[in-house]
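Both backbone and side-chain heavy atoms feed into the values below; hydrogens, waters and symmetry mates do not. Index from 1, following the sequence.
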Amino acid sequence: MAESDRAAPGTVAEGSNRAWKMLVSFLGASLLPLSILAVWQALALLLENALGPFFPTPYQVANALLDWAFAINGSTATFSGTLIYAIGASLRRVSVAFLIAACCGIPLGLLVGWSMRMRLILDPTVQLFRPVPVTAWVPISMLWFGIGDGAAIYLIFLATFFPIYLNTFHGVRYINPTVIRAGQMLGARGLRMIVHVVLPAALPAIFAGLRISVGFAWTAVVVSELVAVKNGLGYVMFDAYGFLRADIVVAAMVVVGVLGSVSDRLLMAAENFYLGRYRGRISA
């Protein structure tokens, strides 16, 4: 190709190429969701006689979601216009529990991963509790905290703490020894070594744990709100089930999925920012 035929930076041709690539990327990303909607609609039509309103169509779910959010037609009855309050309640519980889990899991993982003595003292006990499912803690959490935010936050904390701790622990344990030796040569010791060398080197593993945990947090908030509180997205699911409103149940599932995806994207943005900031420190 001749030099004059190439798109120079900032030209109309370059802008057109970029727009075309964005369009192709958007269409590619939309293919799977649109296919799922098409299959969902087809199944709803096929099962209409067998399940009726218990297998709502995408349109019915979208209509319920719009009324739940904006009270446009009253089709969701007592739920009409209350979505923002349900999101606020669930988001508050997830945020508080996730923050507590991160503040506990990251320092503990750093300590246990770095110190063999602390590993022998603390890790066996942590591993003893880790396999216990969150649902097994529901009765005891209600006995300890009663019906309210305390029980829900405690359950979400349990779901999110262990992945953060475990990823941090393994991130520290398997740091490239060259990075540690470089820090020692520069005079890093003790807390200075952990803060300026170990922590930056373990950031990829730490963020992996945070991203896994935020998904668990939205799973746990639904479980906790089914039994421990009287508001939030999980409570709405259970309440709607009592009224046989499958469209609202599915709409709540969609909202939880969107919130979980947004949370993950925010953590990805934070990961890109901090890894870029510490890129020189974590390279071997």
Side-chain angles (χ1 to χ4, degrees), residues 33-34 36-98 134-135 137-139 141-142 145-157 159-160 214-266:
L34 292 175
I36 292 173
L37 288 175
V39 172
W40 178 4
Q41 178 68 33
L43 287 174
L45 293 176
L46 288 173
L47 300 174
E48 184 175 6
N49 293 331
L51 295 177
F54 301 137
F55 199 109
T57 66
Y59 171 78
Q60 290 170 331
V61 172
N63 186 60
L65 183 57
L66 287 172
D67 185 68
W68 186 18
F70 305 111
I72 57 173
N73 53 35
S75 62
T76 57
T78 57
F79 303 103
S80 184
T82 63
L83 175 60
I84 188 66
Y85 304 108
I87 290 177
S90 296
L91 187 60
R92 181 182 69 250
R93 294 171 188 129
V94 167
S95 300
V96 172
F98 184 76
V134 173
T135 50
W137 289 94
V138 170
S141 68
M142 295 178 69
F145 299 100
I147 302 296
D149 279 1
I153 291 172
Y154 177 68
L155 292 172
I156 301 167
F157 165 80
T160 53
V214 79
F216 287 165
W218 286 106
T219 301
V221 76
V222 172
V223 174
S224 66
E225 290 175 348
L226 288 175
V227 294
V229 295
K230 296 299 182 183
N231 55 14
L233 295 169
Y235 178 77
V236 169
M237 286 186 191
F238 188 74
D239 207 23
Y241 160 76
F243 289 106
L244 305 180
R245 293 297 304 270
D247 53 345
I248 302 175
V249 174
V250 177
M253 293 168 61
V254 171
V255 172
V256 170
V258 170
L259 291 172
S261 179
V262 170
S263 302
D264 183 67
R265 293 290 178 179
L266 291 174

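In this structure, Leu259 CG and Asp264 CG are separated by 12.5 Å, a value rounded to the nearest 0.5 Å. To the nearest 0.5 angstrom, Trp68 atom CH2 is 10.5 Å from Asp247 atom CG. To the nearest 0.5 Å, atoms OG1 (Thr160) and CD1 (Ile153) are separated by 11.0 Å. Here the CG-CD distance, from Asp149 to Glu225, works out to 8.5 Å after rounding to the nearest 0.5 Å.
Below 30°, between 30° and 60°, or above 60°: for Tyr154 and Phe145 the angle between ring planes is between 30° and 60°, a tilted geometry.
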> So Val223 and Leu155, side-chain contact (heavy atoms from CB on, under 4.5 Å) or not? Walk me through it.
Replying inline: CA-CA 9 Å; Val223 174; Leu155 292 172; 5.6 Å; no
>> For Phe216 and Val134: C-alpha separation, side-chain torsions, deciding distance, then whether side-chain contact (heavy atoms from CB on, under 4.5 Å) applies.
In response: CA-CA 10 Å; Phe216 287 165; Val134 173; over 6 Å; no
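Here the closest non-hydrogen pair linking Trp40 and Pro58 is CD2-CG, 3.6 Å. Closest approach of Pro56 to Val250, counting heavy atoms only: CG-CG2, 4.1 Å. A pairwise comparison of heavy atoms in Ser141 and Ala151 identifies O-CB, 3.9 Å as the closest pair.
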Listed pairs under 3.5 Å, donor-acceptor, residues 226-244 side chains, sequence neighbours left out:
| from | atom 1 | to | atom 2 | distance (Å) |
| --- | --- | --- | --- | --- |
| Asn231 | OD1 | Arg93 | NH1 | 3.3 |
| Asn231 | OD1 | Arg93 | NH2 | 2.3 |

Name every donor-acceptor pair, under 3.5 Å, that has one atom in a side chain of residues 71-79 and the other anywhere in the protein, sequence neighbours excluded.
| from | atom 1 | to | atom 2 | distance (Å) |
| --- | --- | --- | --- | --- |
| Asn73 | OD1 | Ser75 | N | 2.9 |
| Asn73 | OD1 | Ser75 | OG | 2.8 |
| Asn73 | ND2 | Asn63 | OD1 | 3.1 |
| Thr76 | OG1 | Asp67 | OD2 | 2.4 |
| Thr76 | OG1 | Ser80 | N | 3.2 |

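Residue pairs satisfying the side chain to side chain donor-acceptor pair (under 3.5 Å) criterion with at least one member in residues 251-263, sequence neighbours excluded, are listed as follows: Trp218-Ser263.
Side chain of Thr57 to backbone of Gln60: a donor-acceptor contact under 3.5 angstrom is found. A distance-only check finds no donor-acceptor pair linking the side chain of Ser95 to the backbone of Arg92 [under 3.5 Å].
Counting heavy-atom neighbours within 6.0 Å of Ile84 CD1, excluding the residue itself, gives a total of 12 or less.
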